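In what follows, a single structure is set out as structure tokens and then discussed.
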Amino acid sequence: MTKPSLPELLHAAVTAVGGVERPGQAAMAESVSEAIDDGSHLLIQAGTGTGKSLGYLVPALAHGDRVVVATATLALQRQLVERDLPRTVEALHPLLRRRPEFAMLKGRSNYLCLHRLHEGVPQEEGEGLFDPLPAFGTGDAASATGPTSKLGQDLMRLRDWSDETETGDRDDLTPGVSDRAWSQVSVSSRECLGASKCAYGAECFAEMARERAKLAEVVVTNHALLAIDATEGAPVLPQHEVLIVDEAHELVSRVTGVATGELTPGQVNRAVRRAAKLVDEKAADKLQTAAEGFERLMELALPGRLDEVPEDLGYALLALRDAARTVISALGATRDKSVQDEDAVRKHALASVESVHEVAERISHGSEYDVVWYERHDRFGASLRVAPLSVSGLLREKLFAERSVVLTSATLRLGGDFNGVGASLGLAPEGTKGDDLPVWKGVDVGSPFDYPRQGILYVAKHLSRPVRDGGRDDMLDELTELIRAAGGRTLGLFSSMRAAQLAAEELRSRIPEFPILLQGEETLGELIKSFAADPRTCLFGTLSLWQGVDVPGPSCQLVVMDKIPFPRPDDPLMSARQKAVEEAGGNGFMAVAATHAALLMAQGAGRLVRATADRGVVAVLDQRLATARYGSYLKASLPDFWYTTDRHQVRRSLAAIDAAAKAEGA
């Protein structure tokens with residue numbers, strides 16, 4: 001029997017999911033197949049509407065190698081596992097003569113822990129943690145009417161759910177529960193007793209998920225678990241020959257997040273309380289004294305980067321490190337059978353103290369490859385943070401060395417090429433030869449949308465230049481007129497939450513006929529639902545809206561960016577990265593700040609056209625996009641909209657789009 005061709009397989013899969021075959025999708029499938037064939041690496045930009053999931057799943061399944069697919073968002077993971085993979089596998093089965101297995105794998109804390117559920121959370125003096133057992137209606141301690149608090153009701157529902165769920169996956173629980181409730185019935189990998197030591201090990205949901213993943217040909221996971229697999233010694237993902245990273249524009253920030261350490265007084269004090277009852281008084285007192293010294297310093301901490309660790313902080317961190325090491329040794333050497341469920345209590349304490357030890361040692365030891373800074377929050381107080389200056393070397397060594405890697409997104413080609421994103425991933429410029437350099441190429445398969453006919457890019461060149469944290473009356477005047485011309489229908493993307501709040505407050509009084517929703521006043525899901533339901537409504541917000549809104553149709557016909565979203569000049573990590581590029585002889589502003597802005601602007605502009613019938617305007621209320629030298633780089637990163645700086649023309653166009661939508665009943 002002849003082997004089915006890739007076009008045959010793709011046709012069968014697209015038909016099965018009720019889609020439409022598109023040239024970009026076919027080109028993507030061919031490129032992915034070639035990369036897997038020759039073991040090379042591929043950066044592939046596929047615009048919204050291309051159908052990129054099938055563009056990589058079909059060639060991956062056809063090859064038959066073990067594949068890991070890593071995504072950034074829960075929505076895409078669920079789409080892959082619940083919709084795309086089941087239909088694709090069934091559609092390809094008659095042609096491939098096999099039915100590949102697939103599975104989803106997440107971090108341990110995403111799964112219900114049966115030990116925690118039945119034995120309760122180790123109690124900590126002074127923290128008042130809720131012991132779930134009495135609330136579950138067992139014995140005389142139970143109330144005749146059951147738990148009355150929201151937390152108690154959530155825990156009761158979790159126990160009922162534990163008897164019927166097959167996965168124990170938090171995301172399969174509908175409706176969900178609060179983070180506080182979930183923390184009562186889940187553990188981190190550090191807190192886990194281990195299947196061999198746990199009375200519930202044979203039924204463990206996390207262990208079952210890992211076993212399913214070992215047997216699957218396709219494993220769907222998230223960027224965070226991929227980062228943990230790459231950065232930590234013990235592998236958490238099964239061996240695989242092919243890695244596909246979807247939403248790849250998010251990968252560097254997710255890996256950076258996993259590799260970032262934090263110390264706070266609250267965290268250190270929790271470690272002290274958890275360990276105190278399990279170790280001798282001398283070891284406990286040593287950690288308590290070190291914690292008090294650290295807390296006194298943190299009360300005086302001012303936000304900002306620490307180019308060098310100050311002497312007093314260095315002493316405090318060394319004291320914490322040494323005291324934590326003493327407690328860790330003591331926790332491993334002593335046993336106290338008077339402590340109920342002593343192994344779990346010990347593991348809980350050990351996880352807390354080890355975390356303190358690791359971060360204190362990392363910062364006190366110092367490294368030219370780390371950035372250290374203080375942060376201060378109104379609600380949570382001060383924290384000390386440490387992050388890698390770059391993750392490019394880590395990704396080059398751990399991600400690209402042993403497998404073929406395909407990275408895909410709607411926004412990878414910035415400023416006209418893939419080299420900016422490639423450099424952040426540890427890849428040399430495309431075409432560079434070298435024995436130890438990963439071989440890769442970039443491919444842009446385009447978009448099914450006709451951007452020049454469907455959208456306008458308008459730059460308000462006449463406005464004053466933005467100033468940091470300053471009010472911009474002319475910008476608010478312009479925004480008011482644009483919203484009026486559009487008849488509402490506006491997604492406002494702001495560079496800071498403060499700017500979004502000021503604009504919402506001002507425009508609610510200026511144009512009360514158009515409801516203005518503001519991020520933070522309701523859950524994001526509810527805000528987006530309300531925005532989509534009423535075309536006259538506007539939605540204002542910041543970072544998560546730049547990337548997280550998918551509202552096709554007449555409810556979103558104007559996307560406004562208040563200014564180019566450069567990172568703040570005082571952002572410790574971004575400024576350190578920029579300085580490092582400059583010291584190496586490069587252009588730090590273009591490599592870091594402009595690339596960051598280009599990526600966000602490309603994502604933001606992508607909110608406008610989500611379907612072939614969509615029409616609208618992306619308005620950038622920042623003259624620098626038209627006047628600054630870097631403006632051409634940023635414009636080249638955006639969809640190929642029709643471009644204008646004519647304020648009168650854009651108002652006429654918006655009014656015409658609004659009239660057409662109203663004529664169609666929207």
Side-chain angles (χ1 to χ4, degrees), residues 10 14 17-31 44-55 249 408-418 442-459 482 485-487 489-491 493 532 535 546-547 549-561 598-599 601-620 625-626 632 634-646 649-666:
L10 188 60
V14 171
V17 300
V20 177
E21 290 186 67
R22 296 190 168 101
Q25 187 182 54
M28 179 178 183
E30 288 288 351
S31 296
I44 188 157
Q45 178 163 295
T48 303
T50 301
K52 67 181 187 302
S53 298
L54 294 187
H249 62 277
T408 185
S409 166
T411 49
L412 289 179
R413 191 169 178 263
L414 302 180
D417 62 44
F418 293 88
V443 175
D444 183 355
V445 299
S447 166
F449 303 140
D450 187 352
Y451 286 122
R453 291 177 63 87
Q454 290 184 250
I456 297 170
L457 173 62
Y458 164 60
V459 180
L482 289 170
R489 312 177 191 277
T490 301
L491 177 65
L493 304 177
W546 289 74
Q547 306 185 78
V549 178
D550 184 8
V551 180
S555 287
C556 184
Q557 294 187 329
L558 172 60
V559 173
V560 178
M561 304 180 197
L599 191 55
M601 290 185 76
Q603 284 286 311
R607 302 310 98 202
L608 182 70
V609 177
R610 311 297 294 176
T612 53
D614 287 352
R615 300 286 186 275
V617 172
V618 172
V620 181
L625 189 61
S632 58
L634 298 176
K635 288 201 291 282
S637 306
L638 302 178
D640 187 24
F641 295 130
W642 188 77
Y643 174 70
T644 185
T645 59
D646 186 333
Q649 174 63 55
V650 82
R651 282 160 177 67
R652 289 194 296 271
S653 297
L654 280 169
I657 293 167
D658 177 44
K662 286 175 179 172
E664 294 175 9

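Bear in mind that the values here come from a model prediction, so they are computed numbers and not experimental data. In this chain, residues are counted from 1 in sequence order.
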Partners passing side chain to side chain contact (heavy atoms under 4.5 Å, CB included) against Arg610 (at least two apart in sequence or in another chain): Thr48, Asp550, Pro552, Arg607, Asp614
Rounded distance [0.5 Å steps], CG in Leu634 versus CG in Leu599: 11.5 Å
Closest non-hydrogen atom pair, Val609 against Tyr451: CB-CE2, 4.0 Å
Spacing of OG1 belonging to Thr408 relative to CD belonging to Gln45, to within rounding of 0.5 Å: 8.5 Å
Main-chain N/O of Ser447 paired to Thr50 side chain as donor or acceptor, under 3.5 Å: no
N/O donor-acceptor pair under 3.5 Å between Gln454 side chain and Asp450 backbone: yes
CA sep, side-chain torsions, deciding dist, call: Trp642, Leu457, side-chain contact (heavy atoms from CB on, under 4.5 Å): CA-CA 6 Å; Trp642 188 77; Leu457 173 62; over 6 Å; no
Heavy-atom pair with the smallest gap, counting every atom of Tyr643 and Ala626: OH-CB, 3.5 Å
Closest heavy-atom pair and its distance - Met561, Gly604: CE-C, 3.9 Å
Validation row: Met601, Leu625 side chains within 4.5 angstrom (heavy atoms): yes
Gap between atom CG of Leu10 and atom CE of Met28 - 0.5 Å precision: 10.5 Å
Heavy-atom side-chain contact between Val443 and Phe418 under 4.5 Å: no
Heavy-atom side-chain proximity of Thr490 to Leu482 below 4.5 angstrom: no
Gap separating the CG atom of Asp417 from the OG atom of Ser637, nearest 0.5 angstrom: 9.0 Å
Shortest non-hydrogen contact between Ser409 and His249, atoms and distance: OG-ND1, 2.8 Å
Ala532 backbone acceptor or donor facing Ser555 side chain under 3.5 Å: yes
Leu558 and its side chain to side chain contact (heavy atoms under 4.5 Å, CB included) partner, picked from Val618, Val617, Asp658: Val617
Check: Ser653 and Arg615 side chains under 4.5 Å, non-hydrogen atoms: no
Lys635 side chain reached by Phe641 side chain, heavy atoms, under 4.5 Å: no
Non-hydrogen atoms of Lys52 and Ala46 that approach each other most closely: CB-CB, 4.0 Å
Polar side-chain atom of Arg413 near backbone of Gly442 as donor-acceptor pair, under 3.5 Å: no
Side-chain touch Ile456/Gln649, heavy atoms, less than 4.5 angstrom: no
Candidate pair Val445 and Ile44, rule side-chain contact (heavy atoms from CB on, under 4.5 Å), full reasoning: CA-CA 7 Å; Val445 299; Ile44 188 157; 3.9 Å; yes
Heavy-atom closest contact (Pro639 atom, Ala605 atom, distance): CD-CB, 3.9 Å
